[in-house]
Amino acid sequence: MKVSVIGASGKVGSSAAFCLAEEYSLRELVLVSREESLDKIKGEAMDMYDALAAKDVHVDIKSTSNLEDLTGSNIIVLTSGIARKEGMSRMDLAIPNAKIVAKYAKAVAKYAPDSILLVVSNPVDVMTHVALKASGMDKNRVIGLGNHLDSLRLKTFIARHFNINVSEVRSRVIGEHGANMVLLLSSTSIGGILLKYFSNYHDFDMGNIIEKVKSAGEEVIIRKGATEFGPAYAISNIVTTILNDQKRILTVSAYLDGEIEGVKGVCLGVPAKVGTEGIEEIIPIKMSDYEIKAFLKAADVVKSLTDNVFKATDI
Ligand code: NAP
């Protein structure tokens with residue numbers, strides 16, 4: 001199996017690449033960077049080889065700025081993008097990142113049209129749509145990471161609140177990877193038992209947990225400058241699910257065509273069966289009235305931002 005990571009000199013790109021290399025399932029890992037970062041990714045590859053030798057893992061790692069080297073990739077992880085600076089609106093970030101994402105998405109379509117493209121660059125729901133349009137690839141092959149990471153964060157908060165092993169928690173966050181994310185508490189369970197049936201459920205400060213999940217990424221950025229391990233392992237979950245055709249239900253950003261609450265023409269985080277073909281099925285879930293309202297609001301916000309990006313660029 002061959003996986004390529006674009007933007008590999010960045011925090012998320014380099015951490016994800018290392019995490020994937022450790023997974024034992026790759027034949028070849030390609031680190032892709034702009035020319036100016038080529039030396040840095042060569043250094044990353046050397047450092048990774050040392051660590052992999054310690055674990056007796058054999059992977060061929062190639063560092064390159066030549067997009068032709070994407071050829072033959074099963075999965076391409078796209079992490080390139082400028083970081084949000086103080087005073088920048090979401091739109092200020094979305095336009096430059098859309099141009100970067102569109103450029104790479106076209107290269108993916110040219111050199112690896114049968115691959116699956118996993119978009120990570122923010123704002124990720126908009127960027128997934130940009131990648132889909134610019135690449136012209138099938139909608140099941142262009143996937144965004146966002147709410148899967150939010151779901152992992154929710155899982156941690158619930159496990160800690162109920163003092164239960166994190167592996168027992170099944171939780172899901174859908175909608176926008178951002179302020180309009182929707183925590184599906186109505187279907188969250190611990191050990192297969194819905195949260196509301198736990199005797200200490202009423203001590204659970206739902207408003208506080210929602211705020212904590214929403215601000216989790218920003219909190220990490222304020223404290224250590226960037227999020228790395230969380231996105232890297234979330235990326236690895238999705239990639240290994242695809243490579244091993246696991247058909248897990250993960251929450252990924254997907255192009256909707258009416259499958260959930262009739263929402264169409266926008267990429268949003270939804271539960272989907274993920275396997276070797278990418279998004280194999282969007283799961284048409286039922287939600288509480290409150291969750292439906294929040295999901296429809298997320299759809300409106302992301303659609304309007306996406307439309308504005310398409311109007312402001314020639315993508
Ligand atoms: P970072 O350390 O600043 O790395 C971003 C990389 O993007 C750079 O190393 C560079 O890679 C590339 N890049 C920067 N400016 C560019 C330009 N003008 N043209 C082309 N490439 C450019 O940022 P990060 O922390 O890794 O985050 C990467 C992206 O992932 C951001 O958009 C961030 O918001 C997003 N993110 C998403 C999630 C999620 O759940 N979806 C989670 C965390 C972060 P090369 O020099 O190697 O080309």
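Counting starts at 1 for both ligands and their atoms, following the listed order.
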**Q.** Pairwise side-chain hydrogen bond (donor to acceptor under 3.5 Å, both in side chains) hits with a residue in residues 99-111, at least two apart
**A.**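 Found none.
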
Q. Checking side chain to side chain contact (heavy atoms under 4.5 Å, CB included) against I158, which of V213, V166, T188 comes through?
A.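 Of all the options given, the one that passes is T188.
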
Q) When you look for protein heavy atoms under 4.0 Å from ligand 1, which residues do they belong to? A)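 For ligand 1, the contacting residues are G7, A8, S9, G10, K11, V12, S33, R34, S37, T79, S80, G81, I82, I100, V120, S121, N122, V124, L145, G146, L149, H177, T227, P231.
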
Q: Taking all non-hydrogen atoms of both residues into account, name the closest pair between H177 and N122 and its distance.
A: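 Residues H177 and N122, closest heavy atoms: CD2-OD1, 3.5 Å.
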
Q) Is K224 close enough and on-axis enough to F229, meaning under 6.0 Å and within 45°, for cation-pi? A)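 Yes.
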
Q. Is the CG atom of D203 crowded by more than 12 outside heavy atoms at less than 6.0 Å?
A.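 Yes, the 6.0 Å shell around CG holds more than 12 heavy atoms from other groups.
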
Q. Where does the angle between the aromatic ring planes of H161 and F204 fall among parallel (under 30°), tilted (30 to 60°) and perpendicular (over 60°)?
A.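 Rings of H161 and F204: perpendicular, over 60°.
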
